[in-house]
Number of protein chains: 2
Amino acid sequence: MDKKQTTLKDIAAKLNVSISTVSRALQGNTRISAQTREKVLELAQEYNYFQTKHINPFSKKKIQAVGVIVPSIKYHLYAMAISGIEEVLEKHQMQIIICQSNESYEREKILVKELMDIGVSGLIVSLASETKEFDHFLEAKKRKIPLVFFNRLCDEVESDKVIIDNFKAAYDATQHLISVGCKRIAYIGGPEMLQISSTRLLGYKKALIDADIPVDEKFIETTDFTREGNLSTARKLLYSPEHADGVLAFSDQVAIGVMLAAKERGLKMAEDIAIIGFNNEPIDELLEPSLTSIDQPSYEMGVESANLILDRIENYEKEDSRKVLKSELVIRNSTNKNKL
Amino acid sequence: MDKKQTTLKDIAAKLNVSISTVSRALQGNTRISAQTREKVLELAQEYNYFQTKHINPFSKKKIQAVGVIVPSIKYHLYAMAISGIEEVLEKHQMQIIICQSNESYEREKILVKELMDIGVSGLIVSLASETKEFDHFLEAKKRKIPLVFFNRLCDEVESDKVIIDNFKAAYDATQHLISVGCKRIAYIGGPEMLQISSTRLLGYKKALIDADIPVDEKFIETTDFTREGNLSTARKLLYSPEHADGVLAFSDQVAIGVMLAAKERGLKMAEDIAIIGFNNEPIDELLEPSLTSIDQPSYEMGVESANLILDRIENYEKEDSRKVLKSELVIRNSTNKNKL
DNA sequence: ATGAAAGCGCTAACAT
DNA sequence: ATGTTAGCGCTTTCAT
């Protein structure tokens, strides 16, 4: 099984020249006779010589790579963000290594370690929903490996960060629900440790308070983002006698769970229950009714994250920065009570 | 900016021992005195020593990685397949490096080269729609790097392959359209060089012929998979006086384009025009009407691809194998003419 | 129990 | 124009 690769040594031996001569010939160094160079190239061709570069080798000819860890590439937001990251890093001849934590803390930890061991020049991360300890990122800081968090981040680790103003986004969305006449507005968040979720919760509560609507804990729920989790959480909110008549959901996927539950329960969407999601996924306009959603500049988030990591690779000691990008409420029929 | 890493040499110097002693102490070699070992470990800790492994280093302690190239992780099929690949390779402590060709031949070529240069142990690939030359894969074969194609493949390169029976899938789907009473059935494929697209075309034609329906070239169209491309292709088929009354689309995304065009044109879905897509994406059941689609075992495709690459890494000289997985037509309302 | 030295594949500084 | 040699970080064999 040992398909030994051809080395400079092999070629040198065949040609009765030194290794350096071969090395230089292959590099196109001009101080080599055309004749020798030709012979070397020929033989290299014949022996199918190629050089294995390394991500972080001793030599200067290294390949630089940045590790990207996201909860799942199935989420449209992350697929878009990754495209943004690629767009930027490609121009700098940097490879990107995409990994999924699958929302698992253990897996995230392993991934961080392995990426560091491979020798990536930096890490761009959006946290797993399970993660509530951050040693693995502190380890990265110890090793002085540039680190950027985007979208899902934490206060426990100092680093560059890219987010939207989740408080404001949730506030505005809740206000919209109020403005179309919802009285019993629910919020479905993610696992508690997920900071963006609690930030949104605060925005939601503030909007209610500002409108003199009492905050009712029974209208505040969480989900684990699985399909079943989303559905059962939605059912909890809709099957009580005093069911919610407006829902702000953590994501469009969660919002779809609410739509399914509402259909099942026989509620008329928009009329009986208005729904807003997060992320503005392309399918939103194809749903029936089309789904009102908060548009996050996901591609741009990727671009900004990549720019920040480049800055920090350039100058590790620079100050941490925090980019807050603008989000936008895209109003569609799921919150249009006057539809008919 | 030069954050030099601590090396064995540094530690050895501080402790006035040899490099080998430090190396052994760190490896837990028993022939080192407990005292020395402790001192070494302490200092390593203090200096924050860590070892950079390499994907393909001289030493035995290497990290093995497999490169995965897909057209885009935005396609649900590929996100699922990647999960399948991860599932398998994870168990073998192998890293996977995910890359997107973005349907570009040039990009695919660069990716193959860079992944090989990094020193991946194998490549799992689904071709870009643009690709019609295959030198880059022949290069991989030259280098004896294990190669597996899945879903989108080509006959030009010999390698392990994983697919579904696209001919049969298209045949069955077309037959279903015929059985619900469609007379003018169209096929929307991808770029011509995409082999799965032409295979499906053959299945489509055969089904028509077997049902004594003449094949009409004006009902055979292609798209570049962009949103606009899908829509404009769909319009071509629907805006003629004798518009298509049944469509077999290359993917669910393409099928959605047809649905949008049909809505725009004022056609009643299912009744005036029946639609079938490929891939059975989760949104299919949420669409209005829900979309009939061919379910491909995408996760399983990933699993099989990973297994094949493992086999070939184990034994490069083994014979090529070709796994054909079963697909299934999932019938929903978009082809239910008797809906009302 | 520890050190010295070779070697992995290659580049580059220093001869000649 | 080409060869010699040191060296990158580490492991490993061979001495001691």
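Chain A is the first sequence line, chain B the second, and so forth, proteins listed ahead of strands; every chain is numbered from 1.
Qualifying salt bridge (charged side-chain N to carboxylate O under 4.0 Å, His left out) partners for B/Asp10, counting only residues two or more places apart in sequence or in other chains: none. Applying the side chain to side chain contact (heavy atoms under 4.5 Å, CB included) test to B/Glu38 and every residue at least two apart in sequence or in another chain returns nothing.
For the pair B/Leu15 CG and C/dG3 C1', the computed distance is 14 Å after rounding to whole Å. For the pair B/Lys9 NZ and D/dG7 C1', the computed distance is 9 Å after rounding to whole Å. Rounded to an integer number of Å, the gap from B/Leu26 CG to D/dT12 P is 13 Å. Atom CG of B/Leu8 and atom C1' of D/dC8 are 13 Å apart (whole Å).
Under 4.0 angstrom from either OP1 or OP2 of C/dG9 there lies no side-chain N or O belonging to A/Tyr49.
For residues 81-113 of chain B, the ring-ring contact (aromatic ring centres under 6.0 Å, His included) pairs, not counting sequence neighbours, are B/Tyr105-B/His136. The list of salt bridge (charged side-chain N to carboxylate O under 4.0 Å, His left out) pairs with a residue in residues 18-34 of chain B, not counting sequence neighbours, is empty. Pairs passing the salt bridge (charged side-chain N to carboxylate O under 4.0 Å, His left out) check and including a residue from residues 87-110 of chain B, sequence neighbours excluded, read A/Glu86-B/Arg107, A/Glu90-B/Arg107, A/Arg107-B/Glu90, B/Glu87-B/Lys91, B/Glu103-B/Arg152.
The side-chain heavy atoms of B/Ile124 and B/Ile69, taken from C-beta on, include no pair separated by under 4.5 Å.
Nearest nucleotide to the A/Gln27 side chain, out of C/dA12, D/dG9, C/dC10: C/dA12. Relative to the side chain of B/Ser23, the nucleotides C/dT11, D/dC10, D/dT11 differ in distance, and D/dT11 lies closest.
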Write out a two-atom table: protein N or O, nucleotide N or O from nucleotides 1-5 of chain D, distance below 3.5 Å.
from  : atom 1 : to      : atom 2 : distance (Å)
D/dA1 : OP2    : A/Arg31 : O      : 3.3
D/dT2 : OP1    : A/Ser33 : OG     : 3.4
D/dT2 : OP1    : A/Thr36 : OG1    : 3.0
D/dT2 : OP2    : A/Ser33 : N      : 2.7
D/dT2 : OP2    : A/Ser33 : OG     : 2.9
D/dT2 : OP2    : A/Thr36 : OG1    : 3.2
D/dG3 : OP2    : A/Ser18 : N      : 3.0
D/dG3 : OP2    : A/Ser18 : OG     : 3.2
D/dG3 : OP2    : A/Thr21 : OG1    : 2.3
D/dG3 : N7     : A/Arg24 : NH2    : 2.6
D/dG3 : O6     : A/Arg24 : NH1    : 3.1
D/dG3 : O6     : A/Arg24 : NH2    : 3.1
D/dT4 : O4     : A/Ser20 : OG     : 3.0

